[in-house]
Student: 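Dropping the structure in here first, questions after.
The basis for the numbers below is simple: all heavy atoms, side chains too, and nothing from hydrogens, waters or symmetry mates.
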Amino acid sequence: MIPMNYLAREASADYLKTGYWSRRSLQDPLLFGAVHLAWDGEPSGFTCLPTQADLDLDPEASYFHYILNETVEGLQFHSIPGMDGVPRFCDMSSDSLSRPLPVERFDLIYAHAQKNIGPAGLIIVLIRHSQIERQLRQVPSMLDYRNHRNAHSIFNTPPTFAIYATLLVLRWLEGDVGGLEPMAARNERKADLVYRAIDTSHGFYRGHAVPENRSLMNVCFNLANKSLEHKFLREAASHGLLGLSGHRSIGGIRASLYNAVSESSCQQLAAFMAEFQARHPSTPTSADAP
Ligand SMILES: *Cc1c(COP(=O)(O)O)cnc(C)c1O
């Protein structure tokens with residue numbers, strides 16, 4: 001919908017290629033206009049994110065698009081890239097409502113519900129009125145943001161159950177957790193438990209992301225001895241630690257620590273990691289292998 005509504009045939013939009021999901025965001029814009037890659041993390045294996053100085057930004061770009069948290073690789077921006085004067089568009093699907101964010105610095109934010117907010121089927125879009133008026137071309141009515149705005153988000157019948165469940169989650173977040181500041185503090189403590197288990201393992205576990213771009217939501221790592229990963233996953237499952245396999249595109253291990261995951265689950269995972277390592281003391285690491 002973004003390029004269909006806001007990218008003209010003769011114009012170009014700036015995109016960051018920082019991982020699996022942003023790579024997928026690069027295809028559809030080509031149906032409508034041109035894409036300029038302001039940074040490409042593929043040569044470095046999607047293990048880090050750019051700093052502002054690394055970006056090749058076009059001041060004439062129709063908009064600047066990036067993904068706040070690369071869910072598959074476990075990379076998260078901890079500062080806001082882009083340039084003033086170019087509308088900033090962002091996919092926040094995998095870390096929305098996980099921490100406070102200066103929304104006033106964005107022109108369009110979108111996030112599906114199913115990772116931090118509620119059941120699948122719902123997508124939340126925050127869009128600036130001035131942006132909505134920049135509509136370029138006639139598009140099918142369902143794909144025109146103005147129709148959704150004008151109809152107060154009931155242009156069609158929305159997924160009412162997903163919206164109701166989201167209401168309950170938001171009440172929990174505000175009332176029980178206490179809002180986004182305590183949620184962020186909780187998420188930092190959770191991620192810290194798992195990253196500490198990696199960092200104190202003397203290389204037995206190896207984090208995918210460079211430390212400065214580590215995601216608080218998705219902790220992605222490998223075992224130095226990759227042949228042990230299957231056993232790790234199987235034994236973790238027998239301890240009730242489920243859903244730890246990495247995304248099929250990169251494999252390895254991924255601990256997703258979305259808002260709903262408790263601190264005690266993270267403690268149990270960290271304890272299991274230490275205990276599993278202790279049971280495999282003399283395992284040669286791949287770095288030691290000839
Ligand atoms: C999971 C994910 C998606 C895909 O969402 P769908 O609702 O399955 O299309 C897109 N972007 C990010 C950042 C994601 O984490």
Student: Only counting residues at least two apart or in another chain, list the ones meeting side-chain hydrogen bond (donor to acceptor under 3.5 Å, both in side chains) with Thr71.
Tutor: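 Per chain and number, Thr71 pairs via side-chain hydrogen bond (donor to acceptor under 3.5 Å, both in side chains) with Ser94.
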Student: With a 4.5 Å cut-off on side-chain heavy atoms, are Leu180 and Leu97 touching?
Tutor: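 Yes, their side chains come closer than 4.5 Å.
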Student: Looking at His78, I'd like to know if its NE2 atom is crowded, meaning that more than 12 non-hydrogen atoms belonging to other residues, nucleotides or ligands lie closer than 6.0 Å.
Tutor: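 Yes - once you tally the heavy atoms of other residues, nucleotides and ligands closer than 6.0 Å, there are more than 12.
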Student: Between Glu263 and Arg189, is there a side-chain heavy-atom distance shorter than 4.5 Å?
Tutor: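 The answer is yes, as the side chains (C-beta and beyond) meet within the 4.5 Å cut-off.
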Student: Going by heavy atoms in the side chains, are Asn69 and Met92 under 4.5 Å from each other?
Tutor: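 With C-beta onward as the side chain, the pair stays apart.
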Student: So, Asn5 side chain and Leu143 main chain: donor-acceptor pair closer than 3.5 Å or not?
Tutor: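 Pair found, side chain donor or acceptor close to backbone of Leu143.
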Student: Indicate yes or no for a side-chain donor-acceptor contact from Glu188 to the backbone of Leu216 under 3.5 Å, with no hydrogens or angles considered.
Tutor: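 Checking the backbone N and O of Leu216 against the side chain of Glu188, no donor-acceptor pair under 3.5 Å is found.
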Student: Output all residues satisfying salt bridge (charged side-chain N to carboxylate O under 4.0 Å, His left out) with Arg99, sequence neighbours left out; order by chain, then residue number.
Tutor: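 Arg99 satisfies salt bridge (charged side-chain N to carboxylate O under 4.0 Å, His left out) with Asp95 only.
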Student: Is there a side-chain contact between Ser22 and Leu16 (heavy atoms, below 4.5 Å)?
Tutor: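 Contact flag for Ser22/Leu16 side chains = no.
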Student: Can Asn222 and Glu229 be counted as having a side-chain donor-acceptor contact under 3.5 angstrom?
Tutor: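 Yes, side-chain donor-acceptor contact under 3.5 Å.
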Student: For side-chain hydrogen bond (donor to acceptor under 3.5 Å, both in side chains), just list the numbers for Asp14 and His36, CA-CA rounded to whole Å, side-chain angles, deciding distance to a tenth of an Å, and then say yes or no.
Tutor: CA-CA 5 Å; Asp14 273 3; His36 170 246; 2.8 Å; yes
Student: Any donor and acceptor pair, going by atom type alone, linking the side chain of Glu70 with main-chain N or O of Gly19 inside 3.5 Å?
Tutor: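 Yes; judged by distance alone, with no hydrogens or angles, the pair exists.
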Student: With respect to Gln131, which candidate in Arg134, Gln135, Glu133, Arg128 satisfies the side-chain hydrogen bond (donor to acceptor under 3.5 Å, both in side chains) definition?
Tutor: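 The option that passes is Arg134.
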Student: Please walk me through it: do Tyr15 and Tyr63 pass ring pair (Phe, Tyr, Trp, His ring centres under 6.0 Å)?
Tutor: CA-CA 8 Å; Tyr15 275 73; Tyr63 57 83; 5.8 Å; yes
Student: Between Phe272 and His239, what is the ring plane arrangement, given parallel below 30°, perpendicular above 60°, and tilted in between?
Tutor: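 Because their plane-to-plane angle lies in the 30° to 60° range, the rings of Phe272 and His239 count as tilted.
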Student: Have a look at Asn187 and tell me which of Cys266, Pro182, Ser98 forms a side chain to side chain contact (heavy atoms under 4.5 Å, CB included) with it.
Tutor: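 The passing option is Ser98.
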Student: Look at the side chain of Asp176 and the backbone N and O of Leu173, then say whether any donor-acceptor pair between them is shorter than 3.5 Å.
Tutor: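 Judged by distance alone, no pair lies under 3.5 Å.
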Student: Ring centroid separation for Phe276 and Tyr205, is it under 6.0 angstrom?
Tutor: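 Ring centres of Tyr205 and Phe276 not closer than 6.0 Å.
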Student: For a quick check under 3.5 Å, do Arg149 and His129 share a side-chain donor-acceptor pair by atom type?
Tutor: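 His129 and Arg149 do have a side-chain donor-acceptor pair below 3.5 Å.
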Student: Can you find a side-chain donor-acceptor pair between Ser79 and Gln52 that sits under 3.5 Å?
Tutor: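 Distance-only check fails for Ser79 and Gln52.
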Student: For the residue pair Tyr6 and Tyr145, categorise the inter-ring angle as parallel (less than 30°), tilted (30 to 60°) or perpendicular (more than 60°).
Tutor: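 If you compare the ring of Tyr6 with that of Tyr145, the planes turn out parallel.
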Student: For Phe161 and Ile163: C-alpha separation, side-chain torsions, deciding distance, then whether side chain to side chain contact (heavy atoms under 4.5 Å, CB included) applies.
Tutor: CA-CA 5 Å; Phe161 175 76; Ile163 292 172; over 6 Å; no
Student: When you measure from the side chain of Lys115 to the backbone N and O of Tyr258, does any donor-acceptor pair fall under 3.5 Å?
Tutor: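 No.
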Student: Check whether any side-chain heavy atom of Phe32 sits under 4.5 Å from a side-chain heavy atom of Leu30, and report yes or no.
Tutor: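 The answer is no, as the side chains (C-beta and beyond) never meet within the 4.5 Å cut-off.
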Student: For residues Phe64 and Pro81, determine if any side-chain heavy atom of one lies less than 4.5 Å from a side-chain heavy atom of the other.
Tutor: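 Sidechains of Pro81 and Phe64: in contact.
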Student: Given side chains that start at C-beta, do those of Leu126 and Leu108 come closer than 4.5 Å, heavy atoms only?
Tutor: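 Contact flag for Leu126/Leu108 side chains = no.
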Student: Does the Arg137 side chain pair with the main chain of Leu7, one donor and one acceptor, at a distance under 3.5 Å?
Tutor: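 Confirmed, Arg137 side chain pairs with Leu7 backbone.
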Student: Using only heavy-atom distances, determine whether the side chains of Asp144 and Ser141 contain a donor-acceptor pair under 3.5 Å.
Tutor: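 No - no donor-acceptor pair under 3.5 Å links their side chains.
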Student: If you define the side chain from C-beta out and look only at heavy atoms, does anything of Glu42 sit under 4.5 Å from Lys17?
Tutor: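 Glu42 vs Lys17: side chains touch.
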Student: Verify whether one side chain among Ser44 and Thr47 offers a donor that lies under 3.5 Å from an acceptor in the other.
Tutor: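 Side chains of Ser44 and Thr47: no pair found under 3.5 Å.
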Student: Report the residue from Phe77, Trp21, Trp39 that forms a ring-ring contact (aromatic ring centres under 6.0 Å, His included) with Tyr66.
Tutor: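 Filter result, single survivor: Phe77.
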Student: Please check this pair: side chain of Ser215 against backbone of Asn218, looking for a donor-acceptor N/O pair closer than 3.5 Å.
Tutor: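 Yes; judged by distance alone, with no hydrogens or angles, the pair exists.
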Student: Checking the side chain of Lys190 only, and the main-chain atoms of Leu257 only, is there a donor and an acceptor separated by less than 3.5 Å?
Tutor: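 Between the backbone of Leu257 and the side chain of Lys190 there is a qualifying donor-acceptor contact (under 3.5 Å).
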